[in-house]
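One structure below.
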Amino acid sequence: MPVDEMKAEAQQVADPPLYFQAHVFVCCNRRPDGHKRGSCAARGSEGLRDYMKARAKELGLAGVRVNMAGCLDRCEFGPTMVIYPEGIWYKIETKSDIDEVLETHLSQKGRMTRLMLTERDVPPGKV
């Protein structure tokens with residue numbers, strides 16, 4: 001099949017339905033103690049991820065998957081997480097922050113602006 005026909009066929013194919021309605025990645029990257037960028041794990045992200053996963057299940061949030069991630073490259077703001085398919089980033093520091101994200105973002109489809117990382121939150125040296 002010629003390349004032009006393959007491109008046309010690829011453009012006509014619809015995306016499959018989402019496997020998860022929301023896929024949450026919590027950074028659990030760990031750098032050595034004293035590293036200049038720090039790490040989300042050193043700031044408690046592993047426990048926060050465990051809590052979030054358990055609370056999402058307790059709340060019966062269907063179609064929500066909470067996973068640990070390696071480095072998400074925003075460690076200076078950590079602990080960090082990102083929710084897809086929207087691509088919304090949050091800085092989470094407490095179980096209360098997690099509860100707010102679960103309720104406002106994942107249950108009500110709103111946003112937690114006080115926790116949100118935006119395009120202005122760029123690690124030093126990445127600009």
Side-chain angles (χ1 to χ4, degrees):
M1 180 181 291
V3 172
D4 289 341
E5 286 181 36
M6 288 191 299
K7 286 181 182 177
E9 182 179 333
Q11 292 172 352
Q12 295 172 8
V13 175
D15 289 341
L18 296 174
Y19 191 75
F20 298 114
Q21 294 306 306
H23 205 155
V24 181
F25 294 94
V26 179
C27 181
C28 292
N29 186 52
R30 183 174 297 279
R31 288 194 174 93
D33 290 342
H35 191 282
K36 66 180 181 178
R37 291 190 68 194
S39 68
C40 290
R43 294 183 183 109
S45 66
E46 293 161 326
L48 292 170
R49 189 219 47 120
D50 292 345
Y51 176 78
M52 184 175 214
K53 189 170 185 149
R55 284 295 294 147
K57 187 175 183 177
E58 287 172 13
L59 295 170
L61 294 177
V64 173
R65 174 74 180 180
V66 178
N67 281 99
M68 72 182 333
C71 184
L72 294 174
D73 202 27
R74 289 180 116 176
C75 300
E76 290 82 354
F77 306 106
T80 62
M81 60 177 282
V82 60
I83 302 175
Y84 289 106
E86 302 98 327
I88 303 295
W89 290 76
Y90 292 107
K91 175 180 180 161
I92 49 167
E93 297 180 290
T94 66
K95 289 179 179 178
S96 179
D97 292 344
I98 295 291
D99 290 335
E100 289 182 59
V101 170
L102 289 170
E103 178 62 29
T104 302
H105 188 115
L106 295 170
S107 292
Q108 299 173 1
K109 308 300 183 212
R111 299 293 180 265
M112 287 301 310
T113 54
R114 76 173 185 82
L115 301 175
M116 196 179 294
L117 295 172
T118 69
E119 72 284 355
R120 293 179 305 277
D121 299 304
V122 178
K126 296 282 183 177
V127 179

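Along the sequence shown, residues carry numbers from 1. Below, each value reflects all heavy atoms present in this structure, side chains not excepted, and no hydrogens, waters or symmetry copies. Here the structure is a predicted model, which means the values were calculated and not measured.
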Would you give the length of the straight line joining atom [atom1] of [X] to atom [atom2] of [Y], rounded to the nearest 0.5 angstrom?
| X | Y | atom1 | atom2 | value |
| --- | --- | --- | --- | --- |
| Leu61 | Leu106 | CG | CG | 6.0 Å |
| Asp73 | Thr80 | CG | OG1 | 9.5 Å |
| Asn29 | Glu46 | CG | CD | 9.5 Å |
| Lys91 | Cys40 | NZ | SG | 9.5 Å |
| Asp50 | Cys28 | CG | SG | 7.5 Å |

Is any side-chain heavy atom of [X] closer than 4.5 Å to a side-chain heavy atom of [Y]?
| X | Y | answer |
| --- | --- | --- |
| Pro79 | Arg49 | no |
| Leu72 | Trp89 | yes |
| Ile92 | Val26 | yes |

Do [X] and [Y] share a hydrophobic cluster (ILVMFWY, side-chain heavy atoms under 4.5 Å, transitive)?
| X | Y | value |
| --- | --- | --- |
| Met52 | Met68 | no |
| Tyr51 | Phe25 | no |
| Val24 | Met112 | yes |
| Tyr90 | Leu117 | no |
| Met116 | Val101 | yes |

**OP:** Scan Arg114, Lys95, His105 and name whichever one has a side-chain hydrogen bond (donor to acceptor under 3.5 Å, both in side chains) with Glu100.
**Re:** Arg114

Original post:
Under 3.5 Å, is there a donor-acceptor pair between the side chain of Arg65 and the main chain of Tyr19?
Top reply: no

Original post:
Between the main-chain N or O of Lys36 and the side-chain N or O of Arg31, is there a donor-acceptor pair closer than 3.5 Å?
Top reply: no

Which heavy-atom pair separates [X] from [Y] by the least distance, and what is that distance?
| X | Y | answer |
| --- | --- | --- |
| Thr94 | Leu48 | C-CD2, 3.6 Å |
| Lys53 | Val66 | NZ-O, 3.8 Å |
| Ser39 | Arg30 | OG-CA, 3.7 Å |
| Arg37 | Arg74 | NH2-N, 4.2 Å |
| Gly38 | Cys75 | O-CB, 3.9 Å |

**OP:** Over 60° means perpendicular and under 30° means parallel, so classify the ring planes of His23 and Phe20, tilted if in between.
**Re:** perpendicular

Subject >> Lys109, NZ atom: more than 12 neighbouring heavy atoms under 6.0 Å >> reply: yes

Subject >> NZ/NE/NH1/NH2 to OD/OE distance under 4.0 Å, Arg55 and Glu58 >> reply: yes

